[in-house]
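Written below as C-alpha cells is the structure these notes are about.
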Amino acid sequence: MMQVLPIQTSATTKECPPTGKLIVLTGPSGVGKGTLMRSLLQRHPQLYYSVSVTTRSPRPGEIDGKNYYFINRSKFEQLVAQGEFLEWAEFAGNYYGTPRETVVNQIQSGKLVVLEIELEGARQIRASFPNALSIFILPPSFDELEKRIRGRGQDSEEAIARRLARAKAEIVAADEFNIQIVNDDFEMALEAIEAALFE
Ligand SMILES: Nc1ncnc2c1ncn2[C@@H]1O[C@H](COP(=O)(O)OP(=O)(O)OP(=O)(O)O)[C@@H](O)[C@H]1O
Ligand SMILES: Nc1nc2c(ncn2[C@@H]2O[C@H](COP(=O)(O)O)[C@@H](O)[C@H]2O)c(=O)[nH]1
C-alpha cells in the first residue's frame with residue numbers, strides 16, 4: 001500500500017513542520033498532466049494546487065492567477081534572485097517556477113499540496129524534499145505524445161519541436177521517481193494517481 005509521507009527533511013524543517021504533504025506530478029509536455037490534475041482537483045477539492053509563475057504568454061482562455069501568474073523575464077529573474085521560488089527551471093524558452101511562500105504556508109497548515117512541474121524542477125523538489133511523493137506520467141508511445149501535443153492545438157511548430165526534443169530526455173528519467181503511471185486510458189491513470197495519494 002502506498003503511503004504519502006509527511007515532509008521531514010533537514011532542509012525543510014525550518015520552513016515546514018512535519019504536518020503537510022507534498023506531491024510532485026511530472027512527465028513530458030503533452031502527456032496529460034494538466035488534464036489529470038484538473039480531474040483530480042475536481043474529485044478531491046481538499047488538495048491544494050500550487051499555481052506556478054511563468055514567462056510564457058497566456059494561451060487562449062488561460063487566466064492570470066488561475067492557470068499561471070504570467071510575468072516578464074526580468075521580473076522572474078528578480079524573484080529568483082530574491083529566493084522567492086521553491087524550484088524553477090527554463091523550459092522550451094520560458095521560465096517556470098513554484099512560489100515558495102504559498103506552498104510552504106499550505107504545507108504548514110497541513111494541506112496535501114500538489115505541484116505539476118517539468119523534470120528539472122521535480123529534481124530540485126526531490127533534492128530538498130526527499131519525502132515528497134513523486135509521480136512520473138508516461139505516454140503510451142512517443143507517437144501518441146506528439147499526437148496529443150498537436151491535438152491540443154496550442155503550440156507553434158517551433159514550440160512543438162522543442163517540447164518533443166525535451167520529452168525524449170525526460171522520459172528516460174522516469175525511474176528516478178517513486179511511481180510511474182502510463183496515461184493511456186485516462187480513467188485508469190487517474191485512479192492510479194488516487195491510489196498513490198490516498199490508499
Ligand atoms: N489518456 C488520454 N488519452 C487521450 N488524450 C489525452 C489523455 N490525457 C490527456 N489527453 C489529451 O492530451 C492533450 C495534452 O494534455 P495536457 O495539456 O493535460 O498535457 P500536459 O502534460 O499538461 O502538457 P504540458 O506539460 O505541456 O502543460 C490534451 O488535449 C488532453 O485532452
Ligand atoms: N519547473 C517547473 N515546471 C513547471 C512549472 N509550472 C509548469 N511547469 C511545467 O512546464 C511545462 C510547460 O508547461 P506549459 O503550460 O507551457 O505547457 C510543463 O511540463 C509543466 O508541467 C513550475 O512551476 N516549475
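For ligands, and for the atoms within them, numbers begin at 1 and follow the listed sequence. Note that the coordinates shown come from a computational prediction; the quantities given were computed from them, not determined experimentally.
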Open item on the list: Could you report the tightest heavy-atom contact between F85 and P99, atom names first, then the distance?
Closed with: CD2-N, 4.1 Å
Donor-acceptor pair, side chain of [X] and main chain of [Y], under 3.5 angstrom:
X: D64; Y: F70; answer: yes
X: E187; Y: L190; answer: no
X: D155; Y: I160; answer: no
X: S134; Y: N178; answer: yes
X: S50; Y: V103; answer: no
X: K21; Y: V113; answer: no

[atom] [closest protein heavy-atom partner, distance rounded to 0.1 Å]:
atom: atom 9 (C) of ligand 1; answer: G32 CA, 3.7 Å
atom: atom 14 (C) of ligand 1; answer: G30 O, 3.5 Å
atom: atom 26 (O) of ligand 1; answer: S29 OG, 2.6 Å
atom: atom 31 (O) of ligand 1; answer: T35 OG1, 4.0 Å
atom: atom 3 (N) of ligand 2; answer: E118 N, 3.1 Å
atom: atom 23 (O) of ligand 2; answer: S52 OG, 2.6 Å
atom: atom 8 (N) of ligand 1; answer: N183 ND2, 3.0 Å
atom: atom 25 (O) of ligand 1; answer: K33 NZ, 2.6 Å
atom: atom 24 (P) of ligand 1; answer: R152 NH1, 3.4 Å
atom: atom 13 (C) of ligand 1; answer: R148 O, 3.8 Å
atom: atom 15 (O) of ligand 2; answer: Y68 OH, 2.6 Å
atom: atom 19 (O) of ligand 2; answer: K33 NZ, 3.4 Å
atom: atom 21 (O) of ligand 2; answer: E116 OE2, 3.0 Å
atom: atom 24 (N) of ligand 2; answer: E87 OE2, 2.7 Å

TODO: Mind checking whether E62 contacts ligand 2 via backbone (N, CA, C, O), side chain (CB onward), both or neither, at a 4.0 Å heavy-atom cut-off?
DONE: neither
Open item on the list: Below 4.0 Å, non-hydrogen atoms only: which portion of Y96 touches ligand 2? Side chain, backbone, both or neither.
Closed with: both
TODO: Please determine if R126 forms a cation-pi arrangement with F177, meaning its NZ or CZ atom is less than 6.0 Å from the six-membered ring centre and no more than 45° off the ring axis.
DONE: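 That pair qualifies as a cation-pi contact.
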TODO: Could you tell me whether R166 sits above the aromatic face of F91, with NZ or CZ closer than 6.0 angstrom to the six-membered ring centre and within 45 degrees of the axis?
DONE: no
TODO: Look only at interatomic distance and state if G97 has a nitrogen or oxygen under 3.5 Å from any nitrogen or oxygen of ligand 2.
DONE: yes
- [ ] Look only at interatomic distance and state if R59 has a nitrogen or oxygen under 3.5 Å from any nitrogen or oxygen of ligand 2.
- [x]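 Indeed, backbone or side chain, R59 has an N or O that close.
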Counting only heavy atoms closer than 4.0 Å, does ligand 1 sit against the backbone of [X], its side chain, both, or neither?
X: R163; answer: side chain
X: I137; answer: neither
X: P28; answer: backbone

TODO: Decide, yes or no, whether a salt bridge links E146 with R163 under the criterion of side-chain N to carboxylate O below 4.0 Å.
DONE: no
Open item on the list: If the threshold is 4.0 Å, N to carboxylate O, is there a salt bridge linking R123 and E118?
Closed with: no
May I ask you to list the atoms of ligand 2 that are less than 4.0 angstrom from any heavy atom of [X]?
X: R163; result: 12 (C), 14 (P), 16 (O), 17 (O)
X: F91; result: 11 (C), 12 (C)
X: G121; result: 1 (N)

Open item on the list: For the CD atom on E101, are there more than 12 heavy atoms of other groups (residues, nucleotides or ligands in this structure) within a distance under 6.0 Å?
Closed with: no
Under a 3.5 Å cutoff, is there a donor and acceptor pairing between the side chains of [X] and [Y]?
X: N72; Y: S74; value: yes
X: N94; Y: T54; value: no
X: Y96; Y: E90; value: no

TODO: Decide whether the shortest distance between a heavy atom of L36 and an atom of ligand 1 is less than 4.0 Å.
DONE: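 It does not, in that no heavy atom of L36 comes within the 4.0 Å cut-off of ligand 1.
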Which ligand 1 atoms does [X] reach within 4.0 Å, using its non-hydrogen atoms?
X: G34; result: 18 (O), 20 (P), 22 (O)
X: D184; result: 1 (N), 2 (C), 3 (N)
X: F186; result: 1 (N), 8 (N)

Task: Positive for side-chain contact (heavy atoms from CB on, under 4.5 Å) with L138, one of D184, V182, N183 - done: V182
- [ ] Taking the side chain as every heavy atom from C-beta outward, state whether I181 and I193 have any atom pair closer than 4.5 Å.
- [x]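 SC-SC contact between I181 and I193 confirmed.
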Task: Candidates E87, Q124, E116, E84 - the one meeting side chain to side chain donor-acceptor pair (under 3.5 Å) with T98 - done: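 Filter result, single survivor: E87.
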- [ ] Consider ligand 2: state whether an atom of it lies below 4.0 angstrom from any non-hydrogen atom of Q154.
- [x] no
Open item on the list: Taking only non-hydrogen atoms of Q124, do any sit less than 4.0 angstrom from ligand 2?
Closed with: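 No, that is not the case, since the closest heavy atom of the residue is not under 4.0 Å from the ligand.
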- [ ] From the options R56, R152, R166, select the one whose nearest heavy atom is closest to atom 16 (O) of ligand 2.
- [x]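 Result: the heavy atom closest to atom 16 (O) of ligand 2 is in R56.
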